[in-house]
J.: 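The structure's right below; bear with me while I get my questions together.
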Amino acid sequence: MKILVALKRVADPDNANKVKIPADGSTIDTAGLEFKPNPFDEYALETALRLTEDGTKPKVRDGEVIVVTFGPADTESTLRAALATGADRAIRVDANDDQLDGLLVAKGLKTLVAEEKPDIVLMGKQAVDGDTNQVGQALAELLDWPMATFAATIEEQEDGLVVGREVDGGVLELSIKYPAVVTVDLRIVSPSSVYSTKTDRSFKYNEGVRFSPLPAIMQARRKPLDTKSLADLVDDTGLKINYLRFEAPPARLAGVKVADAAELVDKLKNEAKVL
Amino acid sequence: MASSALFTLENPTEEHHMLRQMVRGFTRDVVEPQAEEFNRRAEFNRALFKQCAELGLLGLTVPAEDGGAGMDLLGAVLVHHELSRSDPGFTLGYLAHAILFVNNFYHAANAEQRARFLPGVLDGTRIGCMGMTEPGVGTDVMGMGTTAVRDGSDYVLNGQKALITNAPEADIFLIYAKLDGRMTTFVLERDFEGLSTPGKTPKMGMRASSLGEVIMENCRVPAANLLGEEGGGLVHMMRNLEAERLTLSAMSLGIADRCIEIMIQYAHERQAFGRSITQLGQIQRYIAESYAQTEAARALIYTVARDCGPGKRNRIGTDAAKLFAAPVGKQVADNAMQVLGGWGYCDEFKVERFLRDAKLLEIGGGTLEAHQKNLTKDLVKARAQ
């Protein structure tokens, strides 16, 4: 089993420095931001690790997990953190964030897929910065591969995967053959969400993504990390999505205290006009 | 290469940054939820200790070729710093194992001893402790009464150690004793005849680790358990005290960081006289001075940590770091309690636990007075040369 995991880094919402938008709204000012992996992509990496191991022996990798990101040199920190968590090797496609859109990333991934020939491409359902939710779907279309999005559960079969997806009133199960593109939702890192054929169904994972053991952190630098240029992967690197203008959401107004339920209903009806 | 935001005084390399991210996540998700219960029950959390082993934290200063992680002293400092944001009590038990036993043992042991003892203490199946202090001997360590005498190919130890963290549950003991009047280090094992640990010593804080006595009555120790050379104990002790002081200082820093978080959040939400109490000058003084003192402690501890390790002794720096940081931890915890008022005195807001824990760091691993004594002696000696 060979799995390609696409990772994107996003601005860390817990950091004191926040995304800023200059007055003319022409761009997003990323100066001083700290970055962390997109949480849904971290879940995709955890999923890939669970699919390539016996859950009771997480140090032994049965298969290969390759992580890829598109970004400038300092995104290698994100990749090395993934290598410390358990990925086997990494690829960075050199590009600045403002040179990328979802379709361009999908096209770049398509070329990488042709080179690497993975059985599965895994990624988060969307990145929590732009929330565009399109790379997985665009990649499946470009490759003409089966696709399962918003995966909440995955069970490995001999020739494919059974993917569960939460829908109103239940879970929809899809059976897909390799090779395939799968995007994951937050429930995928629950204790019983992912089972490889090696992991017994009675095994329960810890909730969430695994911690990188210290010895693996120390060895991460010794794992291969290749760099490619975007132009090597994609002929036409022009953007198909142009951002016209950015604006911050309006500041939240202070609340008001109401005397009684009648006044509340009156305000909801006549001021907020929601009733 | 990497963004400047990542590589700071506290995280000089990418590995330190990743280690901090890992320990911070582990502390938030795993250590924090158990802290209140284990401190209230005054119990060391064996399962949590085992999880530390699985993350490679028990041998963090042991080189990779011997089964450890090969981290430096700054790495050890950051682990104690992060863990102490949630549970200084557990962290103290972890320190007694990873620094007082494992780090000390590793640097003093021969290849056969490393092969024999390291696997069990690195995978967490055996808990270690270190015995220096005695009922009537603390700072005056050369006045130690525990003795060792040769008997055939063995040594026979007699004496009593007190105030030993982890002693009640320890499986393996690094013990200092005088052999022909010279300090010598031995490894004792739980099943040695003549070795006993009678019960837990109740204490004010740090309750998630246990404290107790180690009694040796004609305790026979095979020659293979002599650590280093006869008379080599003083070098082991002084070398390891530097690592101990720095990691203890880092615990004070973790306490201060957490107490500042708690007091800021509380002050921001709490109203008095019709406005947030952050508008009151008296509260501002607690918050601002706590922050400034904590940042000064951080700068000192991490600066010294970069300049200290098995190959680079730094007694002056480590004494200074602990002399400065321990009172900061206690003062900031006390400031937090003052900002929280009555709520600070109650368990729910946690600062009463941090205040009780913080006091130990003015005593354990060297009293403030011991640091003052050492610093003055070393500074005068350096000036007089």
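A note on names: the letters A, B, ... follow the listed sequences, proteins ahead of strands, and every chain is numbered from 1.
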J.: Could you tell me which portion of Ala84(A) (side chain, backbone, both or neither) has an atom closer than 4.5 angstrom to a non-hydrogen atom of chain B?
T.: side chain

J.: So His17(B) and Thr8(B), do their side chains get closer than 4.5 Å, heavy atoms only?
T.: no

J.: Among all residues two or more places apart in sequence or in another chain, which pass the side-chain contact (heavy atoms from CB on, under 4.5 Å) test with Ile66(A)?
T.: Lys2(A), Leu4(A), Glu64(A), Arg89(A), Ile91(A), Glu116(A)

J.: Among pairs that include at least one residue of residues 256-276 of chain B, which meet ring-ring contact (aromatic ring centres under 6.0 Å, His included), considering only residues two or more places apart or in two chains?
T.: Tyr266(B)-Phe349(B)

J.: Please check if the side chain of His80(B) supplies one atom and the backbone of Ala76(B) the other of a donor-acceptor pair under 3.5 Å.
T.: yes

J.: Suppose a student defines contact as a heavy atom less than 4.5 Å from any heavy atom of chain B. Which residues in residues 182-207 of chain A would they list?
T.: none

J.: Quick check: Phe90(B) with Phe44(B) (ring centres under 6.0 Å apart)?
T.: yes

J.: Is Glu54(B) in contact with chain A via its backbone, its side chain, both, or neither, using a 4.5 Å heavy-atom distance?
T.: backbone

J.: Going by atom type alone, with no hydrogens or angles, which donor-acceptor pairs under 3.5 Å involve a side-chain atom of residues 58-69 of chain B and a protein atom two or more places apart or on another chain?
T.:
unit_1: Thr61(B); atom_1: OG1; unit_2: Asn103(B); atom_2: OD1; d: 2.8
unit_1: Asp66(B); atom_1: OD2; unit_2: Tyr106(B); atom_2: OH; d: 2.5

J.: Given heavy-atom pairs under 4.5 angstrom as the criterion, report whether the side chain, backbone, both or neither of Ala220(A) touches chain B.
T.: side chain

J.: Determine, for Glu53(A) against Lys59(A), whether the closest basic-nitrogen to carboxylate-oxygen distance falls under 4.0 angstrom.
T.: no

J.: Please flag which part of Val79(B) lies under 4.5 Å from any non-hydrogen atom of chain A: side chain, backbone, both or neither.
T.: neither

J.: Can we say Asp257(B) and Arg298(B) salt-bridge, meaning some charged N sits less than 4.0 Å from an Asp/Glu carboxylate O?
T.: yes

